[in-house]
Amino acid sequence: MKINERKVRLAELILRCLVCALALVAAVLIVTDTQVREIFTIQKKAKYTDMKALVFLVVVNGMAAAYSLVHAVRCVVGMMKGSVLFSKPLAWAIFSGDQAIAYLTVAGLAAAAQSAAFAKLGQPELQWMKICTMYGKFCNQVGEGIGVALLASVGMVLISCISALGVFRLYGGNKAWQSSASRW
């Protein structure tokens, strides 16, 4: 393998491992978050399943973690063998999968952020109260989970860019790729 290709493969491997770890941490932060509040004599337990956007975010982060783990293993095997991806159908499949996971993580993040905004700020016009004033610990931990999910989502978008480079490299862009990569 050429040195420039090895750098790109190493960057992809590091990003995939980071996304796997970050998505897993985000999911664990959100799933393990609960808070019990007593209102008069009734106890109400806040948990992530009360907000469907958080359930979606947890599922998407789990998918992103599993997907990244599988492709991290593929990257390690490819680096150990010294092989470069030359199959156009496989390159397109990886690119499509990366795009799908990147879009899903962004969608899950957007939905959870919107729900978190409603929980934090309320919606006076609809008489929705600020939930985070009653469940402060719960909201803080969910916010941490959303922050970590944001980092995982950015990592997935970067991985998607790397896989796009891998696809377009197979269609005759090798000269431009080699000349620009030599400056790294």
Side-chain angles (χ1 to χ4, degrees), residues 10-76 93-165:
L10 183 61
E12 180 184 3
L13 175 63
I14 290 169
L15 276 172
R16 288 196 188 275
C17 290
L18 273 172
V19 166
C20 181
L22 289 170
L24 196 59
V25 166
V28 167
L29 275 172
I30 293 170
V31 167
T32 59
D33 189 16
T34 61
Q35 185 177 357
V36 177
R37 178 92 175 167
E38 189 170 318
I39 303 171
F40 299 111
T41 59
I42 301 170
Q43 287 189 344
K44 176 62 179 151
K45 184 176 185 178
K47 51 191 181 291
Y48 83 102
T49 55
D50 295 336
M51 295 177 74
K52 298 308 175 206
L54 292 180
V55 173
F56 180 59
L57 183 64
V58 167
V59 169
V60 165
N61 277 319
M63 289 171 50
Y67 179 82
S68 293
L69 180 64
V70 167
H71 280 286
V73 170
R74 179 195 54 82
C75 287
V76 168
I94 291 170
F95 173 67
S96 298
D98 289 345
Q99 285 286 309
I101 296 295
Y103 284 129
L104 281 171
T105 58
V106 169
L109 183 64
Q114 180 63 47
S115 292
F118 280 137
K120 179 80 175 165
L121 304 173
Q123 187 67 33
E125 295 83 7
L126 299 175
Q127 297 180 355
W128 293 351
M129 55 193 237
K130 299 176 184 178
I131 300 299
C132 287
T133 57
M134 293 190 304
Y135 296 100
K137 177 207 161 285
F138 178 79
C139 287
N140 287 338
Q141 191 167 333
V142 165
E144 292 167 1
I146 290 173
V148 175
L150 172 66
L151 296 175
S153 183
V154 168
M156 254 338 283
V157 169
L158 292 174
I159 288 171
S160 182
C161 292
I162 290 174
S163 65
L165 176 70

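Values below: all heavy atoms of this structure, side chains included; hydrogens, waters and symmetry mates excluded. Here the structure is a predicted model, which means the values were calculated and not measured.
S96 contributes no side-chain N or O that, together with a main-chain N or O of A93, makes up a donor-acceptor pair within less than 3.5 Å.
The neighbour count for Y103 OH, taken as heavy atoms of other residues, nucleotides or ligands under 6.0 Å away, does not exceed 12.
Residues that satisfy the side chain to side chain contact (heavy atoms under 4.5 Å, CB included) test with L121, not counting sequence neighbours, are absent from this structure. Remark: C139 engages C132 in a disulfide bond (SG atoms under 2.5 Å apart) (not counting sequence neighbours). The side chain to side chain contact (heavy atoms under 4.5 Å, CB included) test applied to V36 returns Q43, K45, not counting sequence neighbours. Every residue meeting the side chain to side chain contact (heavy atoms under 4.5 Å, CB included) condition with A26, not counting sequence neighbours, appears here in chain and number order: N61, V148, A149. Annotation: side chain to side chain contact (heavy atoms under 4.5 Å, CB included) contacts of L13 (sequence neighbours excluded): C17, A72, C75, V76, M79.
Closest approach of A152 and L22 over heavy atoms only: CB-CB, 3.9 Å. Of all the heavy atoms in I94 and Y67, the pair that sits closest is O-OH, 3.4 Å. Across every non-hydrogen atom of I146 and L109, the tightest pair is O-CD1, 3.5 Å.
Taking the six-membered ring for Trp and thresholds of 30 and 60 degrees, F138 and Y135 have ring planes more than 60 degrees apart, a perpendicular arrangement.
Among residues at least two apart or in separate chains, salt bridge (Lys or Arg N to Asp or Glu O under 4.0 Å) pairs with a member in residues 95-110 are R16-D98. Listed by first and then second residue, the salt bridge (Lys or Arg N to Asp or Glu O under 4.0 Å) pairs involving residues 21-31 amount to none (not counting sequence neighbours). Residue pairs meeting the side-chain hydrogen bond (donor to acceptor under 3.5 Å, both in side chains) criterion with at least one member in residues 146-155, sequence neighbours excluded, are T105-S153. Pairs passing the salt bridge (Lys or Arg N to Asp or Glu O under 4.0 Å) check and including a residue from residues 133-144, sequence neighbours excluded, read D33-K137. Legend: salt bridge (Lys or Arg N to Asp or Glu O under 4.0 Å) pairs involving residues 99-110, not counting sequence neighbours: none detected. Sorted by first then second residue, the side-chain hydrogen bond (donor to acceptor under 3.5 Å, both in side chains) pairs that include residues 19-32, not counting sequence neighbours, are T32-Q141.
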For residues 49-57, dump all side-chain donor-acceptor pairs below 3.5 Å to protein atoms at least two apart in sequence or in another chain.
unit_1: D50; atom_1: OD2; unit_2: K47; atom_2: N; d: 3.1
unit_1: K52; atom_1: NZ; unit_2: T49; atom_2: O; d: 3.1

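Of the inter-residue distances, the one linking R74 atom CZ with S68 atom OG reads 10.5 Å to the nearest 0.5 angstrom. Interatomic distance, C161 SG to E12 CD, rounded to the nearest 0.5 Å: 12.0 Å.
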